Every structure is written in structure tokens, then in C-alpha cells.
Amino acid sequence: MNPPGEIHVLVVDDSAVVREVVTQLLQSDGGFKVTAASDPLLAMSKIAVRRPDVILLDLEMPRMDGLTFLQRLMAEDPLPVVVCSALTGKGTEAAMRALELGAVDIVTKPKVGVRGFLNESKVLLSEALRAAAGVRRTPRRLLPAPPPLAAAVRPPSAPKHRNLRETTDKVIALGASTGGTEALRELLLALPPDSPGVVIVQHMPEGFTAAFAQSLDNVCKVEVKEAADGDRVREGRVLIAPGNKHMELGRSGAQYMVRVFEGPLVSRHRPSVDVLFRSVAEAAGPNAVGAILTGMGNDGAEGLLAMKQAGAATIAQDEESCVVFGMPNEAIKCGAVDVVLPLSRIASTALRLARQAPAIPAPGGPGRG
């Protein structure tokens, strides 16, 4: 048995260097017991002897690739799995497929040899593994992706990538972490083409948010894209903060736009939900709706409180529909939440609240960003 509070991590990676670095990082953080296997077949023999709390899985390995192992694990003996992937095109595609198969999170392989990168890697890796260890014993899977919408199905007066209006005076801000890819897919699929502009922080590494946004854009009625600095927030558009960069909302006259920038970790994350929500409070005030979704930790709680104090309507996902109830629970405890709802009701409620919000006049001069 592990000591109380200790998390048993099984690292499955064919690189001895990666196994050593990850083990050192986790042991220096404290609270982890680490065992390792150089391939999935050895991992299965170790699992048979002692079940870990969470598996950290490489996807490119000999004898059996990581995706095949993940499929087998989810079918026979589900355990929380965090994918540890390199920042390559092929690795990105495989990691996104792993999320569809039941992995709960993605982390990038630690950058060896630079102290600052290693310190950040320790923070992000330990956060991801602690969150994964706290999920339900059977990891929930992403909703099956519906086929892309045929052009004939979309209303002829509302094509998906139209320039509906040059500005919008309503904004919906969303924050999520562990389990958020599934939650956001369900929520965004429910948005109509004329939805108010949406800005999102989903904790996800650099290189993966673009693929995530593209996968959503293929199936949603709204446009979904990875945000670029200066992108306008407008009706029918969803902007997702790029991995490893913060995103803020700004306003210039009647137009909202986003600022994307580098910076230190905030609330142990980059991008940070707190950074986004605080900027939404300042730029949009009562013309915004904020919702905090599944995830571990407290990122977003203070930012959502700032939104509520600025007059925005605020929502938290309920415990039953969360993969991890940490972030919503922290927001509820600090008094930042107006209403707690199951995931299935958040999209419709956010739309209703956004459309009820009173229009506020554009400021006299340019806003931030």
C-alpha cells in the first residue's frame, strides 16, 4: 500500500533518459511513487502485480504502440492515463486520438538540460498526474464526433465562416482543464451559428490546441480556431488560447479582440483561466457570461469572482458531470458562482444569459490589446 496521499505512477516509455528525468522530477516534487516500464508488454505485467493510480504513457514504442495499448487498457482494465507526447505533427495527431480513446490529459516530454524548463515541467507534470489520479476509475470518453456539417444543412443565410457582424457586445468566456476536451466538445456542439463570441482557455500543451480547435471546427456550427494575437471576437466565432501562451480580452471602441502573449505561469498554468477571466471582467463587465468547467486546482476561481463583481453572470459545472470537480468547486467556495449546472444545460443557459445582458456603450478610447 502507498502511504496516505501518495500517488503511484507507472511511466511507460522506451527512452531510458525520459524515464529517468520523469522519475527525478516527480520524486523531487514529493507525493509520488514512480515505477517504470520500457514498453506496454512490460507495463501489463507490472499492472497485473500492482495497479498504479495513473499511467504516464508514451505513444511511440517497440513491440506495441501506445495507442494499441491504450485501446486494450480501456477495454479490459480502465485506468487513468496521461499521454506524454513529443511536439511533432505525428505526435500531435496520435495524442489527439489518445484523448478520443479515453486518455484524460496530454503533457509534453520534459525539455532536458535547461533548469527553467525542468522546473516548469515538474509543475505541469505533477498537476496533470494529480488531476488524472483523481478522476473516476473508468475514464470518460469523448463524445463520438458527428460527421462534418454538410453545406446544405446550414441555413443559407448563415454560412459558418461568414462575417456576421464586425463587432459583438456580448462575450461568453469558458475555462477548463482535465476532462475539458470532452466537455467543450459537448458544449460547443450545442451553440448555434449566431452565438455570441466565445473565448476559451483549455489547459493543453503548446502544439495541441491548434489540432483541438480544428477538430471542433470540423463538427461545430460556429467557427472554432486557435487564437492569434489581435483576433477579433465576433458573433459565430470561438477562440481557444494557444498552448503555452496566455490570452486576454481587450476592447477598442465597439470591437472586442484578444491579446495573446508569453509570460510566467499564473495559478500554475499557461494559459491561465484567471488571466482570461480577469481581462473579461475589465473589458466586458456585465456584457459577459463566464463558465468554469471540469478540472483540478483553483485556476479560474479568482477570475470568475472578478467577473461576477463586474456584473457578469457566472456558471459552474456540477460535480456529477465533471471528470474532476476541483476548479468549479473552488469557484463555488469563494462565492464566484451564480448558478451550478450539469454540462448539458450550460450552453443554453449561457446563451440565454448573454442575450439578456444589457448593452453597454463602447468606451471613449481604445481598450487593452
Side-chain angles (χ1 to χ4, degrees), residues 2 7-27 32-112 121 124-126 128-145 178-179 181-182 185 204-208 211-212 215 243 323:
N2 296 344
I7 296 170
H8 179 198
V9 180
L10 174 59
V11 179
V12 186
D13 197 302
D14 63 324
S15 168
V17 173
V18 170
R19 295 195 303 270
E20 180 181 359
V21 169
V22 168
T23 298
Q24 290 176 351
L25 288 176
L26 293 178
Q27 289 180 342
F32 293 97
K33 173 181 173 58
V34 183
T35 57
S38 58
D39 65 54
L41 297 182
L42 287 174
M44 286 189 283
S45 66
K46 288 179 178 287
I47 291 170
V49 174
R50 183 179 181 184
R51 287 172 58 87
D53 297 307
V54 59
I55 295 174
L56 183 65
L57 178 66
D58 184 24
L59 296 179
E60 297 183 17
M61 289 178 290
R63 298 213 288 172
M64 179 186 291
D65 68 88
L67 288 177
T68 301
F69 172 63
L70 180 61
Q71 283 182 289
R72 184 166 170 178
L73 187 70
M74 292 298 107
E76 298 176 2
D77 191 18
L79 281 166
V81 174
V82 172
V83 169
C84 189
S85 176
L87 290 175
T88 65
K90 183 178 178 181
T92 300
E93 294 173 6
M96 297 306 296
R97 176 60 180 153
L99 288 176
E100 295 173 0
L101 293 173
V104 296
D105 210 346
I106 305 169
V107 295
T108 54
K109 292 197 173 183
K111 299 177 183 179
V112 180
S121 293
L124 298 174
L125 181 61
S126 62
L129 291 172
R130 290 182 195 280
V135 306
R136 293 173 175 84
R137 275 313 223 176
T138 303
R140 294 159 27 127
R141 298 173 63 171
L142 284 170
L143 295 173
T178 308
T181 52
E182 175 186 6
R185 178 183 290 266
M204 186 175 277
E206 179 181 6
F208 296 94
F212 177 53
S215 71
V323 172

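In this text the structure is predicted, and so the values were computed from the model without any measurement.
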If every non-hydrogen atom of [X] is compared with every non-hydrogen atom of [Y], which pair is closest and at what distance?
X: Arg130; Y: Phe32; value: NH2-CE1, 3.4 Å
X: Pro205; Y: Thr108; value: CB-CG2, 3.4 Å
X: Arg185; Y: Ser215; value: NH2-OG, 3.9 Å
X: Leu99; Y: Val104; value: CD2-C, 4.2 Å
X: Leu42; Y: Ser45; value: O-OG, 2.6 Å
X: Pro40; Y: Pro62; value: CD-O, 4.1 Å

Distance in Å, [X] [atom1] paired with [Y] [atom2], rounded so as to fall on 0.5 Å steps:
X: Met96; Y: Ser85; atom1: CE; atom2: OG; result: 11.0 Å
X: Cys84; Y: Ile106; atom1: SG; atom2: CD1; result: 11.0 Å
X: Leu41; Y: Met44; atom1: CG; atom2: CE; result: 4.5 Å
X: Leu59; Y: Thr92; atom1: CG; atom2: OG1; result: 10.5 Å
X: Leu67; Y: Glu93; atom1: CG; atom2: CD; result: 11.0 Å

Is the backbone N or O of Arg19 less than 3.5 Å from a side-chain atom of Thr23, with the two atoms forming a donor-acceptor pair by type?
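Indeed, once roles are kept as given, a pair shorter than 3.5 Å links the two residues.
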Pairing residues for Thr35 by the side chain to side chain donor-acceptor pair (under 3.5 Å) criterion, not counting sequence neighbours
His8
Using side chain to side chain donor-acceptor pair (under 3.5 Å) as the criterion, list what pairs up with Gln24, not counting sequence neighbours.
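Per chain and number, Gln24 pairs via side chain to side chain donor-acceptor pair (under 3.5 Å) with Glu20.
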Within the 4.5 Å heavy-atom criterion, are [X] and [Y] side-chain neighbours or not?
X: Leu124; Y: Val107; value: no
X: Ile47; Y: Leu79; value: yes
X: Leu129; Y: Leu26; value: yes
X: Val11; Y: Leu57; value: no
X: Met64; Y: Asp39; value: no
X: Met74; Y: Val81; value: yes
X: Lys33; Y: Ile7; value: no
X: Leu101; Y: Arg97; value: yes

Could you check Val323, Val82, Val83 and say which one makes a side chain to side chain contact (heavy atoms under 4.5 Å, CB included) with Asp105?
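The passing option is Val82.
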Residues Asp77 and Arg72 bridged, charged N to O under 4.0 Å
no
Should Leu10 and Leu56 be marked as a side chain to side chain contact (heavy atoms under 4.5 Å, CB included) after you check the CA-CA gap, both sets of side-chain angles, and the distance that decides it?
CA-CA 6 Å; Leu10 174 59; Leu56 183 65; over 6 Å; no
